[in-house]
2 protein chains.
Amino acid sequence: MKSHSHSHARSGSAQLKERLRRGARKMTAPRRAILEILRQHSHPLSSKEIFVALPSAGCDLATVYRSMHLLEGMKMVKRFDLGDGVARYELLGEGDDGHHHHLVCTRCGAVVEIDECFISELEEKVAARNGFKAVSHQLEFFGICPRCQ
Amino acid sequence: MKSHSHSHARSGSAQLKERLRRGARKMTAPRRAILEILRQHSHPLSSKEIFVALPSAGCDLATVYRSMHLLEGMKMVKRFDLGDGVARYELLGEGDDGHHHHLVCTRCGAVVEIDECFISELEEKVAARNGFKAVSHQLEFFGICPRCQ
DNA sequence: ATCGCTGCAAAAATTTTGCAGGTAA
DNA sequence: TTACCTGCAAAATTTTTGCAGCGAT
């Protein structure tokens, strides 16, 4: 059995609520719905995608935008840029920095999560050579998926 | 002397014109100005940044947008996403796929070009394992530059 | 002389914000 | 109760598009 390091299983509604509470924030119906959508998807979703996936009594689109900003600030979601200039978000487990990569089909948009990351050595070299501190990186792969070939 | 693989020096105005002509496109004043701006900068620029950098008798912002789309389609510029969801462009030499990476200061936005790329092995593995073809990748580094530390 | 290109202006799309009332804790 | 939140609507941005005239080849 393959275990994804970014599994969302651990993020129970109660835990999410607790994390919000720690930031003096509240667990409201819109936030619960948004987090639920994110939990149901293993791929990053844009604010718009989240909005349309919301149940019938969803919330305002503005609320989705506000929520994503809040959740990103609280490190409860991680933002990804998958090359099309649209911000997409994934739920983040407690303490998880969410560091992983994606393989995106440029034809149909399918996304495969890539857990491995062998960039740290290169990252250190890049940081040292240029005198940068606290260096991180973002890496995404693009190609044509089996179904689209 | 350090030679950047993505040097722009080779892109003379005449060559750029020739490349446009091959695509049945014309070298006009706005395009010449835009390409000139790009040639003067070794870092990716957004449409807006190009627009404000344009000489007094610049062109319409809409023209910048149209030009960037055109030039990207003709592979005369390459688009980069530096994490803030803004499309930025760099001039591409003839035949150059423009593959390189950036080290971006998250404080002041300074950008360092990184020519090396040791990802090909990982890229092949990722492609093979998931049955993808024509896989490429985009990698950007983020950190705090010496001046901002 | 063509066909592409541009400015201008309007439209569309995306994201942010003010505010008054509602609600979690 | 008291912050925090939300819907609604308006505003601010960002990007695209229609069109008539201009210009490169």
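In what follows, chains are A, B, ... by sequence order, proteins preceding strands, each numbered from 1. These values consider heavy atoms only, across backbone and side chains, with no hydrogens, waters or symmetry-generated copies.
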message = Could you measure the distance from the CG atom of A:D96 to the NZ atom of A:K78? Nearest 0.5 Å is fine.
response = 9.0 Å
key: Under 4.0 angstrom between A:Y65 side-chain N/O and C:dT15 OP1 or OP2   = yes
Nucleotide nearest A:T63 when distance is taken to its side chain, options D:dA24, D:dT6, C:dA25 = D:dT6
ask   = Is the shortest heavy-atom distance from the side chain of B:L16 to the side chain of B:R39 under 4.5 Å?
value = yes
key: Backbone N/O of A:V126 and side chain of A:N130: donor-acceptor pair under 3.5 Å   = yes
query = For the pair made of CE in B:M68 and C1' in D:dT16, what is the distance, rounded to whole Å?
reply = 16 Å
remark   = Ranking A:M27 and B:C59 by the position along DNA chain C of their nearest nucleotide, the one closer to 5' is B:C59
query = A:R25 has a side chain; which of D:dC5, C:dG7, D:dC8 sits nearest to it?
reply = D:dC5
ask   = So does A:R21 get a side-chain nitrogen or oxygen closer than 4.0 Å to the phosphate oxygens (OP1/OP2) of C:dA25?
value = no
inquiry  = Please classify the nucleic acid contact of B:A62 as base, sugar-phosphate, or nothing, using heavy-atom distances under 4.0 Å.
reply    = base
note = Of the listed C:dG4, D:dT15, D:dT16, the closest approach to the B:L61 side chain comes from D:dT15
request  = For A:H101 and A:L139, indicate whether the former's side chain and the latter's backbone hold a donor-acceptor pair under 3.5 Å.
outcome  = yes
message = Rounded to whole Å, how long is the line connecting atom CG of A:D84 with atom C1' of D:dT15?
response = 15 Å
ask   = To the nearest Å, how far apart are A:E49 CD and C:dT14 P?
value = 11 Å
ask   = Should B:K17 be listed as having a side-chain N or O under 4.0 Å from OP1 or OP2 of D:dT25?
value = yes
ask   = B:A29 or B:A87: which one's nearest nucleotide on DNA chain D is closer to the 5' end?
value = B:A87
message = Rounded to whole Å, how long is the line connecting atom CG of B:D60 with atom C1' of D:dT17?
response = 12 Å
query = Among the nucleotides D:dT25, D:dT6, D:dC19, which one has an atom lying closest to any side-chain atom of A:T28?
reply = D:dT6
Distance, rounded to the nearest Å, where A:R22 contributes CZ and D:dC4 contributes C1' = 18 Å
task = May I ask you to evaluate whether A:K26 reaches the phosphate of D:dA3, defined as a side-chain N or O under 4.0 Å from OP1 or OP2?
result = no
ask   = Over how many whole Å does the gap from A:K48 atom NZ to C:dT15 atom C1' extend?
value = 11 Å
key: Atom-to-atom span, CZ of A:R32 to P of D:dT6 - whole angstrom   = 11 Å
ask   = Does one side chain, of B:E90 or B:H102, offer a donor that lies under 3.5 Å from an acceptor on the other?
value = yes
ask   = For A:L20 and C:dA25, what is the distance between atoms CG and C1' respectively, to the nearest whole Å?
value = 13 Å
inquiry  = Would you say B:H69 places a side-chain N or O within less than 4.0 Å of OP1 or OP2 belonging to D:dT16?
reply    = yes
inquiry  = Can you tell me which nucleotide in D:dG18, C:dC19, C:dA25 comes closest to the side chain of B:R66?
reply    = D:dG18
B:E36/B:R32 salt bridge by N-O under 4.0 Å criterion = no
